[in-house]
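Working notes, beginning with the structure itself.
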Amino acid sequence: MSLAIVFDEPAPFKLLSPKTLDEASALSAQHGSNAALLAGGCDLLDQLKHNWRRPAYVINLKGITGLKGVTQESNQLKIGALTQLDEIEHDSTTGKLFPALQMSAGRVATPQIRNMGTVGGNLLQDSRCSYYRSGFNCYRAGGIVCDAHHGLNAYHAILGGDRCYTVTPSDLAPVMVALNATVTVRSDGRSEELKAGELFVPPSQNIRRLTCLEPGQILTEIAIPIVPGQRSTFLKYAVRNTWDFGLASVAISARYSGGRFTDCSVVFGSLAAVPWRSQGAQEALEGAQLNDQTIEAAANAAVSGAEPLSHNEYKIALTRKLIRESLGNLARS
Amino acid sequence: MSSEDPKITAGSKKEPAEFSRRSFLQGALGTAVAGVAALQIGRGLHDGEKPGGDDRPDDAVSALQLQINGKTVQLRVPDQRTLLLALREDLGLTGTKKSCNLGQCGTCTILLDGRPVYSCIMLAADAVGHDVTTIEGLSRGGKLHPVQQQFIEHMGSQCGHCTPGMIMSGVALLNKNPNPDVDEVKQAIAGNLCRCGNYNNEIAAILAAAGRNVLLGVDSIAATQVQSLVADSKAPHYLNSMVPAIDSHAKATGEARYSGDIGFHLDDEIRNPLFAKVVRSPYRHAEIISINDSKARRLPGYRGLVTWQDTPSFTNDRLFFNKHVRYIGDAVGAVAADDQYTAQQAIELLDVQWHELEAFPDAEENLRTQNTQIQSGGPVASFLGAPTGKTGFGQPANIPTFEYKQGDTAKGFQEADWTLSGVYRTPLQCHVPLELHCCTALWKSDGLTLWDTQQSMFPAAEIIASVLQIDPAHVRILCDYIGGGFGGKCTDSPGKTLYQAMAALLSKKTGRPVRLEYTLKEEIIAEDTRNPFVFEIKSGHRKDGSITALECRAIQTKGGYASDGPAVMGVAGEGVVATYRADHFWFHGYSVYTNSSTGGEMRGFGNIQGIFAREMHISKVADAMGMNPLEYRLKNMHRPGDMCIVEFETVEMPLDPTGAEECLLRGAEAIGWNRWAHPSTKTGRVRRGLGIYASKLLSGRGTSNGLVWIDRLGKVHLPISTGNVGTESHTGIAAVAAETLRMPIDQLDVTWGDTTKGPWDYTSDDSRSSHCVGKAVYNASLDLIRQLKNAASEALGVDKNSLEVREGRVIVAGTRRSIDFRTLAQRSTPRTDFIPYCNPANDISPDFDDQGNLIMSPPVRVRKETEVLARKLAQGGMVGLGMYIFNERTVPWGAAFADVEVDMSTGQVKVHKIVTVMNAGRVLYRRGAEAQLRGGIEIGAGFALMEDLGIDPATGVPIYNNLHEYHPLTVLDFPEIVPILVEVPSVTGPYGAMGLGDNCCFPPPTAIGTAVHNATGVWIEELPLTPDRVYTALKAAGRLVA
């Protein structure tokens, strides 16, 4: 087991530095699981240092131009997948159009990680379940059990748990889903667009992976539609006030005028294996005035159907608190 | 076990590729398995297959051109090489320190194009085309960067291991924002952990570099109040000062060399060491049958294996390689290779055969069944007389490890008007110093040299020599700086992990120097930790609350081996019974062997656990009576003159002045204790509470030797042998010598870190350095003064009593006549007796000898190593010798108060403020003492709130084995701290000084725990106070608010 030998350096690999996207995608397709894609490296280096993955090749995407930067077009904001998180954290256009995105980027880990990590990498990171990352042969690892389910599960899912109870570790993911973003994936010389939500894979669809990309496919760009009058907000609770993955987070977007919400999106992070759109909370808010009753109705709806495990019932209360606090923030923004 | 998948064509919607992944191999979980399992550790590898699959290029080494600190540098490194290793190991730029190596601590922070990044999770190749700035590149033409200068000025470093990374983050901030406020500085260093808890000084230093003065309590960094009740009227000249710490320059420049920095510089004694890696048990309980390295031998660069079969035998419950392994991570052997990658590959290619045994993780169960499966003598670890003793092989369940009795508690309960019972639980905790254990072993013709992260140099040399069966005089230990010890780097008993012996064996076998460095997970899992405790307390009281009987049964989940567990049990017991007056008491504690992490010594050493249990219990007593908990403590605490039991010894001693009342009253005033209200008055979803803590504390143990000498040029030298863990006790001890000799600290040549160049000393633990080493140095200084006065009296023809010593001269009082140190030293003849100076009434007390026997009247004599050194130095000047044995009457006191907020719906606890008050006796070095009060909150609040190893109940595997889940406090989690130093001097300490170090981490568990009760009305008697635990307790009490 992985704790018998404790690795902390990658196994040797050859670093490939393609100059174009199609070259990168072809290399990835060619080597399959024997290659890994390197963007910021914040998740990949952790996996490589644990010798969890031992690809013979690492394909460095950072040599490819055109994958970084934030560009405003007439009806959408385009973000290159290799844009670093600190650029999103400080970009004034992003801050004006999509505060939730700026807030979530600023809540990822630490300043150093934000200077290294990319938007694409953040969306595509693997599960941070402690059992999974400690080498347990659980469902996600190809086994037939979830060790967290009957073990230590304070950080695990209260929504949508299905044999596996991991949670999405990405802070940007709920925001992209709430903002109805589309992502562009390049493979085999062609680009394909997916809705942000389609990027993420629940256990019922595939218990072995959190995202749907396969070797040869490279996430290149995220496009967020600009909606006039839209407000958005993001809030994350964690044990520590920096570094930690969330205990619970929420991204809310809505149009808000005359004291009423319309076109509401409420998407949770860190509560389910995928960014979890709460239809119930959205319906409770749609067309409603912002007052204590609406907030309580939304909070109740958000946790309706939540199934606590032995150690994470507090997350249900945390979710209600998230709704209360973030709706207040949204109204004030 | 999964294997490499065939390639998958892009665009296919079939089952995605399965990445090769190590699967969890442990055999049958938790059930008795008697069969022999021929398991390879790691993936199933077939003969001839290279790790990583067949499709692997043979030579992935690239030429890189890097810009480092403005210079162009050419490197040829393997593609997987990180920037951190390239900087440190290929370029010798060890100013950037290595710690977690996973991007979870910030120690390795460098600037890439001016932006802070973690160099450990960045490939060296990714630095090509960018500008890299390291700590070495900050100074300009020999002039330090302002942030470095202010780190020196404001004691920005305790152990200093986080300092280079912290400075880089500060520099990056000021480059972008030259005028930040406190919050902006905190955000800038949010990604830099400081395990010493020195955040306030780091923030102050960065603000000062921006031109802001923060000494006056600005922006929640409250200045320390020193409440001095010192009797003598003379103000000290060199004590209680704010001068820069004596080692601050080395730490602020990255020049400080820690044990892991050795071997990469042109001027190092060794270059190109081999890299070792330890073979560890995946099972909680097993016998190793065989290890075969035939496949590993085919790796170019593989250099050899040592195992339990190469271990010289010695009598102890634990050897450094064990055949019968007793916890996950227990060591059975080690390999060495030319580089870390080969060492990793080699260990994976070992063929290891195990016989898994039934695991016994539960302490109560092991007691009940009289378990002899872990240790053959029985389930209870024995205390064989002294912390330096061996630990035997267990004893029966009915014999406690430690027992303290006063009177007859049965009688006491009969006399009681009412009783109260409670059960209190404290968890495992890990030291997680930022500098991981690292040792390099080198054999030369005259013996073994070890560069080691070592708090106890001399005991370590003796113990390593003993297990390797060589003469201790042939073991030399070198250690300039320790990047955080907290007790985890004290090799002061043969029951410790003795990784140094592993390195030494490999070095002997391979004929090359061997470097053994832990990974973060090994630090957390394989090294000794702090053990879990359960305390069952029952007390009997009169109507007025005074204690007629205090009874406690304690169980310590000891882990696979005893290590320092029995001694910890003794101190835990003292923590329970020794603070409050009780007519009768009975403590019986059982350190029970279990198949789980081994506990050793960690800051607090049993006190932090025992005190939590006792203080929570006392608070419940006060609550049951409707009495204000402050009032209860003031009424029932021991007073000076009371007879008290003290550490281990059944000898009772009357307490000297403690400062107890002063600490409580001043702290109460600072928190605003008059606002304290009963929990029944609190309402709402978020409730505030005030908490309280008070205790008798630790001040040291054992013997110290002091040596101060003057060379023929008149220079005064002070070699110190207590480990430099960053407490700045070295500056405080230097201040003692300075005060006694009446000369400035910076005129002393203070050295440390070499067993061939310093007097014998015990260790830097148990809050002993300032008090015990300080007193020995004080005595040595007095011895020197005696010799100086004798010599001057003769030279000047005046009476000794008319002479004064100051500023490097001996002066005839009231005249201009004087003679300098240089002249006196040149005229002196080498001393021939080496009896140390001391005041036997205060300085000689009962002490343990090396065999663990208690000697009631130890002789006035320095250790052999000190005499050897003194003899040599006396040939070249005047040598003063001193001695001090810790006097158990010396008892500091402390108190603390916390202001806390609890969310009654989620269980979240937020600490707003902690007032921490400590009687230091006498403040030797103001900045150091203050930093301890603030810094102790890091480990104390972590213990109270969020540090948890996450032992999986089914398998015993610690799953929170990295810093993301283990949660040491970051700067953004640190509460506001109001430190108050009180000076009620001890009779025995140097100028009355007492110990501080351990004590400063005791406040949070109790202060926060009682504050949580005050806010919620619910007693939560188990730590840590995670949201899950608090929520569950509120729910069980029916007090959740929706």
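Just so we're clear, the structure is a prediction, and the values are computed from it rather than from any experiment. The chains referred to below are lettered A, B, ... by the order of the sequence lines, with proteins before strands, and numbering in each begins at 1.
Between the side chain of B:R685 and the backbone N or O of B:V1041, no donor-acceptor pair lies under 3.5 Å. When atom types are taken as modelled, the side chain of A:K49 and the backbone of B:N101 share a donor-acceptor pair closer than 3.5 angstrom.
No side-chain heavy atom of B:V61 sits less than 4.5 Å from a side-chain heavy atom of B:V77. Using a 4.5 Å heavy-atom threshold, the side chains of B:D952 and A:D147 count as separate.
Under the 6.0 Å cut-off for aromatic ring centres, A:H50 and A:F7 do not qualify, their centroids lying 6.0 Å or more apart.
Closest approach of A:T118 and A:G40 over heavy atoms only: CG2-N, 3.9 Å. The minimum heavy-atom distance between A:P55 and A:V58, with the atom names listed, is CG-CG2, 4.3 Å.
For B:A188, the part lying near chain A is the backbone, with the side chain staying farther off; criterion is any non-hydrogen pair under 4.5 Å. Contacts of B:Y118 with chain A are made by both backbone and side-chain atoms, with heavy-atom separations under 4.5 Å. Contact of B:D903 with chain A is made through the side chain alone, with heavy-atom distances under 4.5 Å. Looking at A:Q84, the atoms closer than 4.5 Å to chain B (heavy atoms on both sides) all sit in the side chain, from C-beta outward. With a 4.5 angstrom heavy-atom cutoff, B:Q104 touches chain A via backbone and side-chain atoms both. Proximity to chain A involves both the backbone and the side chain of B:Q344, based on heavy atoms less than 4.5 angstrom apart.
Each of B:T82, B:T1032, B:D126 has some count of heavy-atom pairs under 4.5 Å with chain A, and the biggest count is that of B:D126. The candidate from A:K321, A:R128, A:E313, A:R320 with the greatest count of non-hydrogen atom pairs under 4.5 Å with chain B is A:E313. Chosen from A:A154, A:P111, A:A26, the residue pairing most often with chain B at heavy-atom distances under 4.5 Å is A:P111. The residue among A:T110, A:N115, A:T242 with the most heavy atom pairs within less than 4.5 Å of chain B is A:N115. The most heavy-atom pairs under 4.5 Å with chain A, out of B:E965, B:M122, B:E522, come from B:E965. Contact tally against chain A (heavy-atom pairs below 4.5 Å) for B:T519, B:V1030, B:L85: the top residue is B:T519. Counting heavy-atom pairs closer than 4.5 Å to chain A, the top-ranked of the candidates B:S62, B:P78, B:C120 is B:C120. Interface check for chain B: of the options A:R240, A:R190, A:H311, A:M116, the most heavy-atom pairs under 4.5 Å are formed by A:R240. Taking chain A as the reference chain and counting heavy-atom pairs below 4.5 Å, the highest number among B:N192, B:L1034, B:I189 is found for B:N192. Among B:P953, B:G106, B:P116, the residue with the largest count of heavy-atom pairs under 4.5 Å with chain A is B:P116.
Atom CG of A:D43 and atom CG of A:L38 lie 11.5 Å apart (nearest 0.5 Å). The line from CZ of B:R1029 to OH of A:Y314 is 12.5 Å long, rounded to the nearest 0.5 Å.
Under the 30°/60° scheme for interplanar angles, the aromatic rings of A:W52 and A:Y132 are found to stand perpendicular.
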